[in-house]
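Owing to the predicted nature of the structure, the values given are computational and were not obtained by experimental measurement. Because only heavy atoms are used, hydrogens play no part in the values below, and waters and symmetry mates are left out as well, while side chains stay in. Note that the numbering runs from 1 along the sequence shown for the chain.
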Amino acid sequence: MNLLWMIQVIVNTIFLVLFVLLVFFILYLLVTDRKQNQHSILRNFPVLGRVRYFFEKIGPEIRQYLIQSDNEATPFSRKDYLDVVKAGKYKTRIGGFGSRRDFTQPGFYLQNSIFPKEASELHIDQSQKIDTSIYKLDKEGLFDRDEHRESSTVDPYLLTDEHAVILGNRRAHPFAVKRLVGQSGMSYGALGKNAITALSNGLGMAAGTWMNTGEGGLSEHHLKGKVDIIFQVGPGLFGVRDSEGHFSDAEFMRKAENPYIRAFEIKLAQGAKTRGGHVEAEKVTEEIAAIRNVKPYTTINSPNRFTFMNDNHDLLKFIAKLQQMSGKPVGFKMVVGNLDMLYSLAADMKATGIYPDFITVDGGESGTGATYQELEDTMGLPLFSALPILDLVLKENGLRDDIKIIASGKLITPDKVAIAIALGADLVNVARAMMMSVGCIMAQQCHTNDCPVGVATTNPDREKGLVIEEKQYRVTNYMISMHEGLFNIAAACGVVSPTDITVKHLLYKTERGDILTGEQYVNRMYRSLKEAV
């Protein structure tokens with residue numbers, strides 16, 4: 001009895017203390033908020049105003065998990081996110097009870113064959129099995145999920161040698177890839193070392209693919225997985241500049257001599273970052289500063305263009321210089337927006353005989369980094385409009401056979417990749433899905449250094465939440481799963497390899513419900529654009 005009485009006294013005391021603290025807190029708000037001049041709502045309603053700000057702060061999370069449907073939210077829906085996570089954790093893309101796509105909306109569809117290819121007819125290289133780890137779900141309750149990880153040996157789903165895509169077949173050191181999907185440019189500094197290392201290890205284990213460094217230069221973390229690398233040269237020239245910020249032939253050749261660097265990409269623009277790159281000072285550690293040859297803990301705003309490039313001929317001269325110096329493929333990354341300039345560039349390539357080995361076309365909807373709203377929402381064409389335009393412009397000038405096209409812009413599932421291939425892409429870059437594979441929960445804090453899961457941060461306390469040895473397998477599984485899905489689509493279309501998917505396999509349903517063939521869609525769009533220009 002005495003024990004129960006003591007417990008009751010303790011509980012009552014705790015509640016009394018909490019009540020007193022609450023009263024003092026409310027009084028504090030009443031005094032301080034009514035005196036401040038910045039917020040009208042707090043001057044008039046101190047307590048309710050604070051409650052309002054609380055719900056405003058957690059609003060995105062509430063909408064994501066409780067209010068919005070699986071197909072709502074941007075830039076990626078809950079369904080998009082789960083499609084990536086399931087492929088990475090469980091190496092599966094299987095769903096039940098039918099599609100959740102809204103079939104009343106306009107969009108692309110792939111033509112299935114009445115006589116699809118059997119698995120034995122597909123041209124797949126399964127010779128080199130891959131060791132990975134896959135999660136198995138034991139029990140999923142309301143408040144917990146019990147699962148364990150099992151080692152597994154899986155088929156790689158690589159392209160065969162005859163279907164491999166070759167960048168720079170005119171170079172001394174061409175780059176042949178046996179996957180259609182690789183990692184888009186994401187800099188060390190924008191992403192932390194654990195994220196970069198997990199991506200490098202995972203892509204290295206997946207084999208046949210590539211990793212783009214982003215404009216931040218090459219770090220030891222990129223090299224951990226021994227994956228093939230495309231080195232991106234941005235307007236800031238990080239990794240290939242001297243102490244004054246000018247392009248350095250010597251630094252470039254050091255990169256060109258690295259056997260893991262297989263190609264170079266000149267970054268002209270990126271969909272969400274047409275203003276140029278930006279990294280907050282607190283993310284620029286001494287290590288990152290040394291890699292970029294800048295001062296540590298200073299905000300980096302790289303230019304939105306190369307200061308020594310003023311026209312097409314300057315660009316082409318720089319491309320030719322890097323091709324000659326390195327003997328490796330050199331391409332550039334662009335956003336399709338100004339059609340007159342695109343036509344002019346293609347004409348100058350044809351006239352001079354100087355052209356890149358590949359062009360990466362980034363959709364206006366793309367980009368992992370932060371930028372201004374007015375640039376993010378409006379500048380440049382979205383990928384599925386830009387891609388066929390670039391393809392046709394190159395064909396009109398007789399350049400398409402020598403220039404490969406890499407597409408980038410929310411291509412996170414096999415069907416979206418297949419549509420991009422049908423519209424003219426040879427290869428596909430993926431960025432945000434790679435982030436999701438290593439733990440990104442779409443908190444949209446990439447630019448603040450406060451990423452809660454340790455992906456887009458260099459804060460050591462946050463980074464330790466990302467365990468490399470666990471997340472690397474999710475990258476491997478996601479990459480293999482994507483290509484397994486692409487071969488499934490190829491079989492359904494009646495072709496032996498996803499590289500054989502063309503615009504003839506594409507259909508487009510309009511808002512009125514009319515059906516266009518892929519060729520009709522592309523030709524109609526291109527014709528209207530040429531008339532406008």
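Remark: D401 CG is loosely packed, at most 12 non-hydrogen atoms of other residues, nucleotides or ligands lying under 6.0 Å away. Environment of NZ in K129: crowded, with over 12 heavy atoms of neighbouring residues, nucleotides or ligands closer than 6.0 Å. For CD of E150, the number of neighbouring non-hydrogen atoms (other residues, nucleotides, ligands) closer than 6.0 Å is greater than 12. The number of heavy-atom neighbours closer than 6.0 Å to CD of E511, taken from other residues, nucleotides and ligands shown, is 12 or below. Within a 6.0 Å radius of CZ in R524, no more than 12 heavy atoms belonging to other residues, nucleotides or ligands are found. In the displayed structure, F103 atom CZ is contacted under 6.0 Å by more than 12 heavy atoms of other residues, nucleotides or ligands.
For the residue pair L159 and K178, the shortest heavy atom distance occurs at O-CE, 2.6 Å. The two residues K86 and I94 have their closest heavy-atom pair at NZ-O, 3.2 Å. Smallest separation of non-hydrogen atoms from N397 and K350: O-CD, 3.5 Å. A pairwise comparison of heavy atoms in E215 and P235 identifies OE1-CD, 4.1 Å as the closest pair. V336 and A386 make their closest contact through CB-CB, 3.6 Å (heavy atoms, listed as atom of the first residue, atom of the second, distance). Of all the heavy atoms in N459 and T457, the pair that sits closest is N-OG1, 3.0 Å.
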### Message
Apply side chain to side chain contact (heavy atoms under 4.5 Å, CB included) to residues L158 and I124 and explain how you reach the verdict.
### Response
CA-CA 6 Å; L158 292 166; I124 312 176; 5.9 Å; no
#### Entry: Worked verdict on V455 versus I441 for side chain to side chain contact (heavy atoms under 4.5 Å, CB included)
CA-CA 10 Å; V455 177; I441 60 170; over 6 Å; no
### Task
Please assess L315 against I319 for the test side chain to side chain contact (heavy atoms under 4.5 Å, CB included), listing each intermediate value before the final yes or no.
CA-CA 6 Å; L315 168 62; I319 290 171; 4.0 Å; yes
### Task
Assess whether side chain to side chain contact (heavy atoms under 4.5 Å, CB included) is satisfied between Q105 and K509, documenting all intermediate values.
CA-CA 8 Å; Q105 296 297 312; K509 185 174 79 69; over 6 Å; no
### Message
side chain to side chain donor-acceptor pair (under 3.5 Å) for N312 and S344? Distances and angles first, verdict last.
### Response
CA-CA 8 Å; N312 295 337; S344 172; 3.1 Å; yes
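A salt bridge links K333 to D362: at least one charged side-chain nitrogen sits closer than 4.0 Å to a carboxylate oxygen. For the pair R400 and E396, the salt-bridge criterion is not met [side-chain N within less than 4.0 Å of a carboxylate O]. Between R93 and D83 no salt bridge is recorded (no basic side-chain N to carboxylate O distance below 4.0 Å).
No donor-acceptor distance shorter than 3.5 angstrom exists from the side chain of S187 to the backbone of G189, with no hydrogens or angles considered. For D102 (side chain) and T104 (main-chain N/O), a donor-acceptor pair under 3.5 Å exists by modelled atom type. In terms of modelled atom types and a separation under 3.5 Å, the side chain of N477 and the main chain of S133 share a donor-acceptor contact. Side chain of D357 to main chain of G331: no donor-acceptor pair is present (N/O by atom type, distance under 3.5 Å, no hydrogens or angles). Between the side chain of D391 and the main chain of L387, no donor-acceptor pair closer than 3.5 Å is present. Within the 3.5 Å criterion, the main-chain N or O of H222 finds a donor-acceptor partner in the side chain of S200. Of the possible donor and acceptor atoms, one in the side chain of R305 sits under 3.5 Å from a partner among the backbone N and O of M309. Judged by distance alone, the side chain of R179 and the main-chain N or O of A206 form a donor-acceptor pair under 3.5 Å. The backbone N or O of T517 lies less than 3.5 Å from a partner atom in the side chain of Q520, making a donor-acceptor pair.
When the options M482, M479, H483 are evaluated for a side chain to side chain contact (heavy atoms under 4.5 Å, CB included) with T209, the one that passes is M479. Partner L199 forms a side chain to side chain contact (heavy atoms under 4.5 Å, CB included) with one of M435, Q472, Q183 and no other, that one being Q183.
The closest side-chain heavy-atom distance from M341 to L345 is not below 4.5 Å. Proximity of V177 to I166: side-chain heavy atoms (C-beta onward) are nowhere separated by under 4.5 Å. Residues H505 and D500 fail the side-chain proximity criterion, which asks for heavy atoms closer than 4.5 Å. Between I468 and N201, some side-chain heavy-atom pair lies under the 4.5 Å cut-off. Counting only heavy atoms from C-beta outward, the side chains of F231 and E265 never approach each other to under 4.5 Å. Proximity of M186 to M211: side-chain heavy atoms (C-beta onward) are nowhere separated by under 4.5 Å. Residues T360 and F332 fail the side-chain proximity criterion, which asks for heavy atoms closer than 4.5 Å. Looking at heavy atoms from C-beta onward, S408 lies out of side-chain contact with L383 at the 4.5 angstrom threshold.
Taking CG of L203 as the start and OG1 of T476 as the end, the distance is 7.5 Å to the nearest 0.5 Å. To the nearest 0.5 Å, atom CG of residue L122 and atom OH of residue Y157 are 9.0 Å apart.
Both cation-pi conditions hold for K89 and Y135: the charged atom is under 6.0 angstrom from the six-membered ring centre and inside a 45 degree cone around its axis.
For T499 and H163, the side-chain atoms include at least one donor-acceptor pair closer than 3.5 Å.
A perpendicular orientation is assigned to the rings of Y343 and Y526, their planes being inclined by more than 60° (bins at 30° and 60°).
Taking the six-membered ring for Trp, F108 and Y521 have ring centres closer than 6.0 Å. Taking the six-membered ring wherever Trp is involved, the centroid distance between the rings of Y109 and Y508 does not fall below 6.0 Å.
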